[in-house]
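Everything below concerns the one structure shown next.
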Amino acid sequence: MGIKGLTALLSENAPGAMREQKFTSYLDRRVAIDASMHIYQFMIAVGRTGEQTLTNEAGEVTSHLQGMLMRTSRMLEAGIKPVYVFDGKPPTMKGGELAKRKDKREEAEAALKAAREAGNQEEVEKLSKRTVRVSKEQSMEVMKLAQLLGIPAFEAPCEAEATCAAMCKAGLVWAVGTEDMDTLTFAAPRVARNLMAPKSAEKPVLEFDYEKTIAGLGLTADQFIDLCILCGCDYTDTIRGVGPKTALKLIKEHGSIEKILEAIDTEKYPPPKDWEFAGARELFKNPEVMDVSGINLSWKAPDEEGLVEFLVKEKQFQEDRVRGVCARIRKARQGAASQNRLESFFGPPKIISSTIGKRKVEETKSGKGSKAGLNKKSKGVSGYKSKKT
DNA sequence: CTAGTCC
DNA sequence: TCCTCTGGCCCAAGACTAG
DNA sequence: TGGGCCAGAGGAA
């Protein structure tokens, strides 16, 4: 997933587009999050020893619920207002990529069986992580959990990241919280990384600003998409021998992939066979997204009895833990209500109607000053330069 | 901080 | 010779809490 | 599965 080498490319060529933010600067901020990505990670990591994961007495996996419950309560306690977006149908162009993944999974499954028979414990654990799949039911369970927690949750028609980006463009959320740089290619105005990093890990939130990104690179919106395709995305292969640096150089020189193909020696730099770069471009430019107009997001108090019914009765969570989480969330909500600085100061976020590809939101008012008083001083962005001199 | 637990 | 891409190898992928 | 790190191959200068 993601765009290969984009972070490093930006840190060298558009450093102004990246900013480190204190975690606390996200107090009271609305953030769109690709829930499917998180579920997958939880299924791999939560409570795993060997092939064992957390389960209820019926043998149903509960790792995703445990993980999501904890992560959500952490965000709410930090004052973040998450919106969960779930993946819908993958775009047909991703078929090639998905087929590759399927092959690898089947390979891993065969190897897992062998390792199991050989009693190779270590190998079994490693391989079982590679065979993890998230079922529709499991996704729906997490969506149910989100709703019980009072969090807005939606199923996207297609890629979750694209709908997250659309929400951000529409002003429904401050940023998209993700590790996936595809989101920037979908032209989300603001992308926040490391939002979920644990408190102890002093990792600051890394913010990417879309307008500053393309301005810093000196590209148009369309050219930025072409750059991302050349670097390597989920939808197509790349030109062998062309990586991020060369891609940027070529785009600046020729302006588009079509022009590049005319100009370069395709013997030395062979493009993929039947290269569908135009299709990929279209997916980034006009992705299938949820209609976000008229959506009114609200964060309600957790439905404690509903949560007990679902998590305790059905999934055998410990009741006092579940009630404890509810109590912490309620407390956090009260704290937020008394502070409530952004909303009272600047009013609710403005809804800016915008179409993908047609963007002209230069004079934003809703962001700008809202950070005032929250970040003492932002240090320079560090740790993302390619070490070299 | 680490090891052990969550279900 | 320098720069850039590639491919191989290795790792780790959650979060809380009691001690 | 992706990302960081390191070896080396090959064009570019």
Side-chain angles (χ1 to χ4, degrees), chain A residues 1-9 12 36-49 52-75 77-78 97-98 100-108 122-123 125-134 138 141-142 145 178-182 193-201 230-234 237-250 264-270 310-322 324-325 328 383-389:
Chain A
M1 294 232 122
I3 308 299
K4 244 200 298 176
L6 185 58
T7 307
L9 194 70
E12 279 176 39
S36 306
M37 188 128 294
H38 294 266
I39 297 172
Y40 180 71
Q41 288 176 342
F42 293 140
M43 296 290 281
I44 290 173
V46 175
R48 177 174 292 270
T49 32
Q52 208 76 30
T53 55
L54 304 183
T55 55
N56 67 359
E57 59 194 13
E60 299 161 336
V61 175
T62 52
S63 294
H64 54 309
L65 297 170
Q66 167 76 5
M68 200 54 101
L69 179 67
M70 288 306 152
R71 186 167 280 182
T72 305
S73 78
R74 248 187 58 200
M75 277 191 284
E77 282 179 84
E97 176 72 20
L98 293 178
K100 257 187 242 167
R101 288 185 199 175
K102 194 180 168 208
D103 285 351
K104 285 196 176 168
R105 192 163 50 224
E106 275 162 12
E107 217 172 275
E122 222 174 287
E123 197 64 9
E125 173 151 356
K126 208 191 282 181
L127 289 168
S128 69
K129 288 176 183 175
R130 286 187 215 170
T131 60
V132 164
R133 245 176 299 188
V134 179
Q138 288 162 342
E141 284 174 349
V142 172
L145 173 64
T178 182
E179 312 305 309
D180 187 347
M181 293 302 275
D182 281 3
R193 263 196 171 179
N194 306 332
L195 205 51
M196 315 300 160
K199 277 173 210 140
S200 52
L230 284 169
C231 287
C233 66
D234 283 355
D237 288 327
T238 59
I239 302 176
R240 188 182 186 84
V242 175
K245 305 203 176 189
T246 316
L248 179 58
K249 208 183 84 191
L250 289 172
I264 62 172
D265 181 350
T266 50
E267 298 294 314
K268 280 180 191 165
Y269 299 104
F310 178 40
L311 295 177
V312 178
K313 299 262 163 59
E314 199 176 318
K315 302 294 181 185
Q316 277 88 56
F317 278 59
Q318 233 171 283
E319 182 164 346
D320 52 357
R321 277 179 190 271
V322 173
V325 167
R328 294 202 320 248
Y384 286 91
K385 318 240 150 103
S386 65
K387 40 132 75 163
K388 178 119 273 183
T389 10

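A note on names: the letters A, B, ... follow the listed sequences, proteins ahead of strands, and every chain is numbered from 1. No experiment lies behind these values; they were computed from the predicted model shown. What you see below is based on every heavy atom in this structure, not just the backbone, and it leaves out hydrogens, waters and symmetry mates.
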ask   = Within the distance-only criterion (no hydrogens, no angle test), does the side chain of A/T62 pair as donor or acceptor with the backbone N or O of A/L54 below 3.5 angstrom?
value = yes
query = Got a sec, which residues hit side-chain contact (heavy atoms from CB on, under 4.5 Å) with A/D265, two or more places apart in sequence or on another chain?
reply = A/E267, A/K268
DNA chain D: stems of at least 3 consecutive Watson-Crick or G-U pairs whose donor-acceptor distances fall under 3.5 Å = C:1-5 with D:8-12, C:7-12 with D:1-6
task = Can you sort out which residues in residues 56-67 of chain A have a heavy atom within less than 4.0 Å of DNA chain B? Ascending by number, please.
result = A/T62, A/Q66
Using atom names, set out every protein N or O paired with an N or O of nucleotides 11-13 of chain D below 3.5 Å, distance rounded to 0.1 Å.
unit_1 : atom_1 : unit_2 : atom_2 : d
D/dG11 : O3'    : A/Y269 : OH     : 3.2
D/dA12 : OP1    : A/Y269 : OH     : 3.3
D/dA12 : OP2    : A/K268 : NZ     : 3.2

request  = Using side chain to side chain donor-acceptor pair (under 3.5 Å) as the criterion, list what pairs up with A/T246, not counting sequence neighbours.
outcome  = none
key: Gap in Å between the two C1' atoms, one belonging to C/dG8 and one to B/dC7, rounded   = 39 Å
task = For residues A/M70 and A/Q66, determine if any side-chain heavy atom of one lies less than 4.5 Å from a side-chain heavy atom of the other.
result = yes
Only distances under 3.5 Å count here; give the side-chain donor-acceptor pairs of residues 237-244 of chain A to other protein atoms, sequence neighbours excluded, each with its distance to 0.1 Å.
none

query = So, A/Q316 side chain and A/E57 main chain: donor-acceptor pair closer than 3.5 Å or not?
reply = yes
Closest nucleotide among C/dC16, C/dG14, C/dC5 to the A/R74 side chain = C/dC16
query = Closest nucleotide of DNA chain C for A/R321 versus for A/T238: which of these residues is on the 5' side?
reply = A/T238
ask   = What integer number of Å spans the P atoms of D/dT1 and C/dC16?
value = 29 Å
note = With sequence neighbours left out, the residues meeting side-chain contact (heavy atoms from CB on, under 4.5 Å) with A/M43 are A/I39, A/V61, A/H64, A/V132, A/V134, A/Q138
inquiry  = Is there a side chain to side chain contact (heavy atoms under 4.5 Å, CB included) between A/V142 and A/F42? Walk through the geometry before answering.
reply    = CA-CA 11 Å; A/V142 172; A/F42 293 140; over 6 Å; no
task = Tell me, please, the opening and closing nucleotides of DNA chain B, 5' to 3', among those with an atom under 4.0 angstrom from a non-hydrogen atom of chain A.
result = B/dC6 to B/dC7
request  = Could you list the residues that satisfy side chain to side chain donor-acceptor pair (under 3.5 Å) with A/E60, not counting sequence neighbours?
outcome  = A/N56, A/K315
inquiry  = When the P atoms of B/dA3 and C/dA12 are compared, how many Å lie between them, rounded to an integer?
reply    = 14 Å
ask   = OP1 or OP2 of C/dC5 less than 4.0 angstrom from a side-chain nitrogen or oxygen of A/R240, does that happen here?
value = no
ask   = With sequence neighbours excluded, what pairs up with A/R321 under the side-chain contact (heavy atoms from CB on, under 4.5 Å) test?
value = A/Q318
note = A/T72 meets the side chain to side chain donor-acceptor pair (under 3.5 Å) criterion, sequence neighbours left out, with A/Y84
remark   = Note: for A/S73 and A/K126 on DNA chain C, the residue whose nearest nucleotide lies more 5' is A/K126
ask   = What interatomic distance, in whole Å, is found between P of D/dG11 and the corresponding atom of C/dG7?
value = 14 Å
remark   = Residues passing the side-chain contact (heavy atoms from CB on, under 4.5 Å) test with A/E179, sequence neighbours excluded, are A/R193, A/N194
request  = Would you mind reading off the distance between A/K4 atom NZ and C/dT6 atom C1', rounded to a whole angstrom?
outcome  = 8 Å
